[in-house]
Structures are given as C-alpha cells and as structure tokens.
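To keep things clear, I will list the structure first and then write my remarks on it.
Below, read A as the first sequence line, B as the second, and so on, with proteins coming before strands; counting in each chain starts at 1.
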Amino acid sequence: MLDVKMIRDKPDLVRQRLATRGAGDETKIDEVLSLDEKRRSLLSEVESLKAQRNRVSKEIGALMGQKKVAEAEAKKTETRQIGDKITELDRTVQDVERARDHVMLRLPNIPHSSVAVGNSAADNPIVRHWSEQPSFAFTPKSHIELCEKLGMIDFARGTKLSGSGFLLYTNWGARLERALIHFLLDLHTGTHRYVEVSPPFIVKSECMVGAGQFPKSVDQAYAVQEGEDTSTLGKLYLVPTAETPVANIHREEILKENQLPIYYCAYSPCFRAEAGAAGVGTRGMIRVHQFDKVELIKIVQPETGYDELESMVGHAETVLQRMGLHYRVLQLCTGDMGFTSAKTYDIEVWAPGQGQYLEVSSCSNCEDFQARRMNLRYKTEAGENRFPHILNGSGTALARLFVALIETFQQPDGSIAIPTALQPYLKVDRIPAG
RNA sequence: GGAGAGAUGGCCGAGUGGCUUAAGGCGCAGGUUUGCUAAACCUGUGUAGUCGUAAGGCUACCGAGGGUUCGAAUCCCUCUCUCUCCGCCA
C-alpha cells in the first residue's frame, strides 16, 4: 500500500510514476485525495464532539458525587443528542475509510526511479548473460519426451489424479525433485546465511492481502473450505508462493532495529489457479497448478534495500552457476513489473529442448509496500517506528529448473548427466536411459 | 467435538459503571550523588489518527466486533485465540 501522506503531499509525482506502469492507475488518485479530505474533515468534527461529551460526562460524574441529581439529569438530556450525532458520524467516517482503502489496496507500488520505462516484456533490458548456450551433436529432446522415456514424470496419471496441470513425479523424477530442494536449502542456509523456515502451506486471507496477492488476484488462488461447510470458505487459501507466509511472519510487530536484516529461506509447494492462462503453452511442466519452490525473503532497513536486492539476485544466480546452466538476467520494465514491486530482476534459464529461456526466478524489492499492508515496523535506535523494506526472490522455482537441467544435460544415449554439485544429493552421477 | 479457566502497556500485575489521566512493581532511558561500578533518589518511558511552523492540544485503543449508558477495562451479546481435562486422529 502506498503512503496516503505521500499521495496527499505529492499527488502529481505519484500520478506520473504510476502512469509509467501503463495500467491507468494514476486516474484513481483524485478519488483517494477527495476521500482522504472528506475523512479528515469528518474526523475533526466527530472528535471535537467526543471531546465535548467527555467533558460533560466528567461534570455529570462530579455532580452525582455531590448529590446534585437534578443538575446532573439536566446535563444528561443535553448530552444525549451528542451521542447520537457521534454514532452517526462514526459510521460515516468508517464508510469513507473503507472506500478509501478499497482504492488504496488496489493501487500498485511505485516503480523505483532506476527502472526502465516500458510497456511489456519486450521492453525489459537484458542485464547480463552467464556462460554460453550449450551446443548438441544431436537434436535435443524436450523434457516431455525425456521424462516419459526415463519414467521421471507420469503426465497421464498426474492428470488422472488431479486434472491438467498437475504432475506425478516418479522414480528418478521424484528423487531429482527432492535432491534439488535439499541442495537449494543447503546452499542458501549455508553459503548465503539465510535462516530456514518451514511455514504453513495454507494461510489466512489477511496474509494474502499483506503480501499483495489480494484483493487484485483473488481469482488466481485456490480457496480452502472445511468439508461441505461453505461458511468456512474465503478464510484460508493455498499459498501461491512461500513469500506469502514467510513475508508475513512478523506482521503487526514492531521489530528492534538490531534484529535487521532478517534473511529467511523456505521450501514450499506453490498453488496457482492460472485462471485465464489455460491452453497457453500448458503441455509439460512449464506452466502447472502446483510446483515446488525455494523462496528467499529479506526484511531490511530502507537504506540497504537496493544493495540487498542485488545480492539476492546473486544468490539466485549462484544456483544456476553451480548447476552449470546457461541463463540471462533481465530487469523488468515499468509495464511488466508485478503489483507489489518497486524493482524486479528476472532470471531466465536456457531450456535447449524448448529453444527458449524460462523464468526460474524473480527477485523484487517491494520497499515498504507490503510492510504497510501488514503493519510491520521496526523501531530505530532513536525510537522512531519505520516500515522496513521487504524483498522476495525465488531461489529458485523447481519445475522449470528441472526442465532446464534434464534438457541441458541429456546425453546421446538418452541418459542424463548430473552436475557435480548435485551428485551428493542424488547419490548418482547420471540418471540411466530407459 | 465436549467441559472448564483465561486474554489489561516491553514484562509482571491491580482494577465489578464516574477521584483511572490504567494503581503498583520490574525493565529501559536521562539526571543527581560518586575514584570506577553498584546502590539510592529524581524525572521520563505505548500505538495510531488528527490539528498546529512549533511548543503542544484533541481523539481512539485494556484479545476482536457489536450493544446498553450522559459516561464502559468494568455490564450484555457474538467471535477469535491461549491454557487444563476428555474424546477423535497422522
């Protein structure tokens, strides 16, 4: 959520920065301003009435103490209507606040000034490449064919169990997935000094609002219901990413400054309804309703937010470097960035069987946008309460890493070579053909 | 799921309709005293909104939301969570 005071103080700047996203959100600023103005004027009215009521009530108390009942009764009558007026005004204030928050919760974050202005993915600047695209003496197969031949994924039975977009990992497929999760957590907790957490995979809607998924993307989430009890629907949701529970760990807290920076990493499955995306490149593992991911979260002082973003991207890149996979890093332009982000880098790994780059990581600094929504603050040494920057990054998404890995390291004989770094986890140096 | 007990500031804890502006204690910060440390004493010490150049004022907040009342931490209703016991369960 944006700071209302900033909108109040610099409406033109906010409008101009929002306009670079190209979604038309800048047009909602006037509505915020007028609701904010209305709220403040109502507030000063109702608060002075409350002050008056408090004063008279105290007088009544004193009169009762002196047994001057008649005078007290007279004052009661006098004050009675003030109470009614207060009740009425309080309701109006609440309505106006709700209306203001309704708009505010739907305004995206303001892009950082260093972010390239652009309309779509086509305008994302490429920041760097790592290594070369691997070359093959044969035509590299798609992961779909490889998985079927090697019995790593049973696509048909995954669909039988849960419908399209759900995967049944089998044998070496399941073991590779588990090895990758283990490898990623060890890398980030060891070398990169993140604290491992294992959060609930179902969260309250407040957490979805806090992390910024709700209200805008409700239709992308799986809602949970207890049995047939429809009254429980809308309270809990399957996590679309570990970012949701983990970023919310300290919601509604005031942290001590010396607790920062906080670095968390967590494995979780990610559940995404992908409403509206059906039929678009859905074959195989590239877009599915459930995938595994190891997520990185940082909660830091605003001064260090952007340095922390750079190092976080580096941590995600290390994963691909250790695997020996070719990738590129993009900076998302204003028109392509997510709702909560002020600045985002995407890491795309090369998938030879697809002949394209696949997004395996997205690292963002959301600045204080989420901290505001979840009311997470920290107290400075000077005693001031501030909102920290919250960063999230995939470190990395697994289904697509899995794809890149088996497509890159497939051998002429149909087997798959396992990168040295992963061998201690999978306990073999190759997955045998057939 | 059933029965019972609870939820008050950073922490402990008093408070059953108005001398509560939430007592008292602990902790923390500053000060006085002091070779140093400690002790003692004094002062201060929550969150947010709003008005104000500022000093400061006002309003709200005692788990959450409603209600009664001139006035609610206190009375009534609903809900959430925690603890104890029972049942069920991986």
Side-chain angles (χ1 to χ4, degrees), chain A residues 1-9 32-101 104 198 200-210 224-237 245 248-260 269 368 371-388:
Chain A
M1 195 146 63
L2 300 176
D3 183 1
V4 197
K5 284 180 191 148
M6 181 172 67
I7 297 179
R8 204 184 287 159
D9 295 343
V32 174
L33 286 172
S34 93
L35 288 167
D36 178 55
E37 181 57 44
K38 192 169 175 196
R39 171 177 172 271
R40 284 188 296 153
S41 91
L42 284 167
L43 222 44
S44 85
E45 192 183 345
V46 71
E47 282 182 1
S48 72
L49 286 176
K50 282 179 182 171
Q52 190 186 337
R53 181 182 67 182
N54 288 347
R55 213 180 312 118
V56 177
S57 289
K58 208 161 286 179
E59 288 167 17
I60 292 172
L63 290 170
M64 298 291 274
Q66 298 161 34
K67 306 277 187 229
K68 296 180 180 170
V69 180
E71 279 180 59
E73 287 301 326
K75 280 192 187 288
K76 279 191 198 180
T77 325
E78 179 196 321
T79 323
R80 207 159 283 149
Q81 302 95 324
I82 298 180
D84 296 341
K85 184 72 182 162
I86 288 171
T87 310
E88 184 195 323
L89 282 172
D90 268 342
R91 283 212 178 95
T92 316
V93 168
Q94 207 173 51
D95 290 345
V96 171
E97 263 171 13
R98 279 205 191 111
R100 182 194 63 175
D101 293 343
M104 291 287 291
S198 180
F201 300 152
I202 299 179
V203 293
K204 294 182 181 179
S205 58
E206 293 101 278
C207 293
M208 298 290 271
V209 172
V224 172
Q225 174 179 299
E226 288 175 29
E228 302 297 325
D229 183 357
T230 52
S231 74
T232 61
L233 186 62
K235 292 185 173 160
L236 295 172
Y237 296 84
N248 276 287
I249 286 175
H250 299 289
R251 62 175 293 126
E252 287 151 47
E253 291 181 23
I254 300 176
L255 300 168
K256 295 191 182 77
E257 189 165 32
N258 64 17
Q259 288 179 265
L260 303 182
D368 59 11
R372 267 210 169 73
R373 289 174 161 245
M374 53 182 79
N375 200 22
L376 163 60
R377 289 161 294 169
Y378 74 95
K379 196 180 276 295
T380 63
E381 303 296 347
E384 185 196 0
N385 289 335
R386 303 176 71 193
F387 292 105

**Message:** Between B:rA39 and B:rU34, how many Å separate the two C1' atoms, rounded to a whole number?
**Reply:** 11 Å
**Prompt:** Using the P atom in both, what is the distance from B:rU21 to B:rA72, to the nearest Å?
**Reply:** 12 Å
**Item:** Assigned partner base of B:rA5, Watson-Crick or wobble definition, under 3.5 Å
**Value:** B:rU82
**Prompt:** Which whole number of Å gives the distance between the P atom of B:rG52 and that of B:rU47?
**Reply:** 23 Å
**Request:** Report yes if at least one side-chain N or O of A:R39 is closer than 4.0 Å to OP1 or OP2 of B:rU50; otherwise report no.
**Result:** yes
**Item:** Basic-acidic side-chain contact under 4.0 Å: A:K5, A:D36
**Value:** no
**Item:** Euclidean distance for P, B:rC26 against B:rC42 (whole angstrom)
**Value:** 12 Å
**Request:** Could you check how far CD1 of A:I60 sits from C1' of B:rC19, rounded to whole Å?
**Result:** 17 Å
**Message:** Can you tell me the base-pairing partner of B:rU16? Count Watson-Crick or G-U wobble geometry only, both distances below 3.5 Å, and say none if there is no partner.
**Reply:** none
**Request:** In plain terms, say whether A:E59 and A:K75 are close enough for a salt bridge, that is, a side-chain N and a carboxylate O under 4.0 Å apart.
**Result:** yes
**Prompt:** Roughly, in whole Å, what's the span from CD in A:E253 to C1' in B:rU47?
**Reply:** 15 Å
**Whole-Å gap separating P (B:rG52) and CD (A:E47)** = 13 Å
**Asked** Paired with B:rG30: which nucleotide, if any, by Watson-Crick or G-U wobble criteria at under 3.5 Å for both distances?
**Response** B:rC42
**Message:** Counting only Watson-Crick pairs (N1-N3 plus N6-O4 or O6-N4) and G-U wobbles (N1-O2, O6-N3), all under 3.5 Å, who is the partner of B:rC11?
**Reply:** B:rG25
**Message:** Between A:R100 and A:V4, is there a side-chain heavy-atom distance shorter than 4.5 Å?
**Reply:** yes
**Prompt:** In the structure shown, which nucleotide is the Watson-Crick or G-U wobble counterpart of B:rC36, with both distances under 3.5 Å?
**Reply:** none
**Prompt:** What is the nucleic acid contact for A:K75, judged by heavy atoms within less than 4.0 Å: base, sugar-phosphate only, or nothing?
**Reply:** nothing
**Message:** Any base atoms under 4.0 Å from A:S57, or only sugar-phosphate, or nothing? Heavy atoms, all strands.
**Reply:** base
**Complete:** Between CD of A:Q52 and C1' of B:rG57 the distance, given in whole Å, is 17 Å
**Message:** How many whole angstroms separate atom CD of A:E384 from atom C1' of B:rA48?
**Reply:** 14 Å
**Fill in**
Out of B:rC70, B:rU59, B:rU50, minimum distance to the side chain of A:A51 belongs to B:rU59
**Message:** Let's test this: given Watson-Crick or G-U wobble pairing with both distances under 3.5 Å, identify the partner of B:rC58.
**Reply:** B:rG49
**Message:** By the 4.0 Å heavy-atom rule, please label A:Q94 as base, sugar-phosphate, or nothing.
**Reply:** sugar-phosphate
**Asked** Which part of the nucleic acid, if any, lies within reach of A:R91 when heavy atoms closer than 4.0 Å are counted: base, sugar-phosphate only, or nothing?
**Response** sugar-phosphate
**Asked** When the distance from CG of A:L43 to C1' of B:rA48 is rounded to whole Å, what number comes out?
**Response** 11 Å
**Message:** Looking at B:rU21, I'd like to know if its phosphate oxygens (OP1 or OP2) sit under 4.0 Å from a side-chain N or O belonging to A:N54.
**Reply:** no
**Request:** State whether A:R40 places a side-chain N or O below 4.0 Å from either non-bridging phosphate oxygen (OP1 or OP2) of B:rG52.
**Result:** no
**Prompt:** In terms of side-chain heavy atoms of A:K5, which of B:rU59, B:rG18, B:rU50 is nearest?
**Reply:** B:rU50
**Request:** Write down the distance between CZ (A:R53) and C1' (B:rA72), rounded to a whole number of angstrom.
**Result:** 11 Å
**Fill in**
note: A:K76, atom NZ; B:rG18, atom P; distance rounded to Å ~ 13 Å
**Item:** Paired nucleotide for B:rG71 [Watson-Crick or G-U wobble; both distances under 3.5 Å]
**Value:** none
**Pairwise P distance for B:rG65 and B:rG9, with rounding to whole Å** = 15 Å
**Prompt:** Ion pair present between A:R91 and A:E88, side-chain N to carboxylate O less than 4.0 angstrom?
**Reply:** no
**Message:** Quick test of your reading of the model: are A:E97 and A:R39 salt-bridged, counting only N-O distances below 4.0 Å?
**Reply:** yes
**Message:** Below the 4.0 Å mark, does B:rU47 have OP1 or OP2 next to a side-chain nitrogen or oxygen of A:K379?
**Reply:** yes
**Prompt:** Contact class for A:R8 (heavy atom, under 4.0 Å): base, sugar-phosphate, or nothing?
**Reply:** sugar-phosphate
